[in-house]
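Notes follow the structure.
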Amino acid sequence: MTSHGNQTDRDADQAAGQHRTMYYFVRVVFVGLVWFAFSALSSIYIKRTINILPTVAKLTLLEFAIGSIMTWLYLLTVGREIRINAAILKSFIPVSIAYALGHILTNYSFGATSLAFAHTVKALEPFVAVMLQRVIGDTAGHSKLMYLSFLPISAGIALAATGSMKFTWTGFLLAMASNLCFGTRNVLSKKTSQGSGVDVIDCFLILSIMGTVYAVPLWFLSEFVYGDWMNTETQGMSPATANDFLISAVIGVVGHWVYNQASFNFLFLTGPITHSVANAGRRLFLIVAALLYFSHSVNGRAGMGITLTLGGIMIYSYAVAKQRDRTLPQTVQTAKP
């Protein structure tokens with residue numbers, strides 16, 4: 001009887017374990033799909049809004065402001081303590097400046113070139129971060145394979161630039177400048193996050209709040225100093241165009257917050273290695289979605305460039321995963337800010 005009871009308990013534990021595994025798998029897949037979908041939705045509708053009316057400064061300010069408000073409300077809803085004080089805000093000033101500039105320049109690059117090409121150039125962001133780390137002497141975790149992965153990425157972007165993806169030097173330089181800012185953010189955030197006691201959601205809230213502060217002067221200059229504060233361009237819009245502009249802006253701004261929250265949740269669920277590899281897939285998804293939505297024609301050269309770039313990203317993700325497995329063989333990897 002005891003033997004039969006033990007077997008029943010083991011069967012029940014096994015069934016419960018399988019249920020938890022299935023629940024975890026479904027949750028990871030769902031969060032990943034939300035991350036990918038809203039990332040593409042946000043990029044496409046921000047680009048669509050800029051195409052209707054190039055109010056990049058206003059859009060960027062709204063993204064930061066809405067991100068701050070919705071993240072704050074989310075933390076209050078789930079009953080989680082908001083770990084922000086004056087000392088933490090002060091320590092985040094350098095990181096937040098780099099983050100805000102990177103985001104502003106990214107949005108300007110969307111307006112200066114095709115969305116697909118901007119995201120192709122954005123694939124160089126890890127390369128820029130690695131080079132910055134090398135400049136300051138922080139080469140821990142860098143491998144030969146990691147450096148070699150940047151060859152197909154660089155070659156791919158060069159090919160894509162000469163293809164039919166609406167290449168402009170302004171768009172290219174803006175996207176590269178945003179890579180430099182985000183690379184600087186990555187380098188600075190290592191030191192800032194250590195010992196600060198904040199997690200990735202706290203970081204996003206802090207960066208959104210401080211980004212809002214930085215975006216206000218930019219908006220003021222663009223609207224009141226260098227532009228007409230009455231925004232005469234909108235006065236000539238038809239009601240249908242104005243409505244399309246408003247809907248596109250709302251979807252783009254809210255979608256930006258949703259995809260960031262989904263990204264953080266995916267990071268919590270899977271860890272940095274899986275997140276890094278998935279991010280490579282997300283870049284491919286963004287490029288393909290932009291090409292399809294805006295009906296951009298791609299010749300063989302541009303197609304080969306995109307393929308090379310994404311292949312290099314996958315090699316880079318594999319190199320990062322392999323290096324982490326080597327340096328952290330007995331450590332459970334958890335999400336980091």
Side-chain angles (χ1 to χ4, degrees), residues 35-37 39-52 54 56 102-132 134 143-183 252 259 276-321:
W35 177 28
F36 276 45
S39 180
L41 196 71
S42 173
S43 292
I44 287 171
Y45 276 87
I46 288 295
K47 172 65 174 175
R48 181 172 169 169
T49 305
I50 293 171
N51 286 348
I52 298 172
V56 177
H103 192 65
I104 291 166
L105 291 167
T106 296
N107 281 347
Y108 272 107
S109 74
F110 288 170
T113 187
S114 72
L115 187 61
F117 182 71
H119 278 301
T120 303
V121 177
K122 292 287 291 174
L124 270 176
E125 184 181 318
F127 170 75
V128 175
V130 168
M131 289 298 102
L132 286 173
R134 191 170 182 84
S143 65
K144 290 181 180 179
L145 183 60
M146 184 182 294
Y147 290 118
L148 287 173
S149 70
F150 296 125
L151 292 177
I153 294 176
S154 302
I157 290 174
L159 284 173
T162 58
S164 55
M165 290 180 66
K166 195 183 175 182
F167 169 80
T168 65
W169 276 109
T170 302
F172 173 78
L173 292 174
L174 285 168
M176 281 301 298
S178 74
N179 286 342
L180 181 62
C181 290
F182 283 128
Y259 108 73
S276 177
V277 175
N279 198 42
R282 183 184 69 92
R283 188 70 66 185
L284 169 62
F285 184 76
L286 287 174
I287 293 171
V288 173
L291 289 171
L292 292 175
Y293 185 86
F294 293 104
S295 301
H296 290 308
S297 61
V298 179
N299 59 25
R301 188 185 301 168
M304 185 179 294
I306 294 172
T307 303
L308 275 173
T309 300
L310 295 168
I313 294 172
M314 294 304 296
I315 294 171
Y316 171 82
S317 299
Y318 172 77
V320 170

Under the ring-ring contact (aromatic ring centres under 6.0 Å, His included) test, which residues partner [X], sequence neighbours left out?
{"X": "Y45", "result": "none"}
{"X": "F36", "result": "F285"}
{"X": "H103", "result": "F64, H256"}

Please name all residues satisfying side chain to side chain donor-acceptor pair (under 3.5 Å) with [X], sequence neighbours left out, ordered by chain then number.
{"X": "N179", "answer": "none"}
{"X": "Y293", "answer": "R48"}
{"X": "S43", "answer": "H119"}

Report the residues that fulfil side chain to side chain contact (heavy atoms under 4.5 Å, CB included) with [X], sequence neighbours left out, ordered by chain and then residue number.
{"X": "S149", "answer": "I315, Y316"}
{"X": "A289", "answer": "A40, I44"}
{"X": "L151", "answer": "L148"}
{"X": "T309", "answer": "T120, A123, I153, I157, I313"}

* For C181, the option from L105, I104, T106 that meets side chain to side chain contact (heavy atoms under 4.5 Å, CB included) ->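 Single side chain to side chain contact (heavy atoms under 4.5 Å, CB included) partner of C181 among L105, I104, T106: L105.
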Quiz item: Does K122 have any salt bridge (charged side-chain N to carboxylate O under 4.0 Å, His left out) partners at least two apart in sequence or in another chain, and if so, which?
Solution: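 Result, salt bridge (charged side-chain N to carboxylate O under 4.0 Å, His left out) vs K122: E125.
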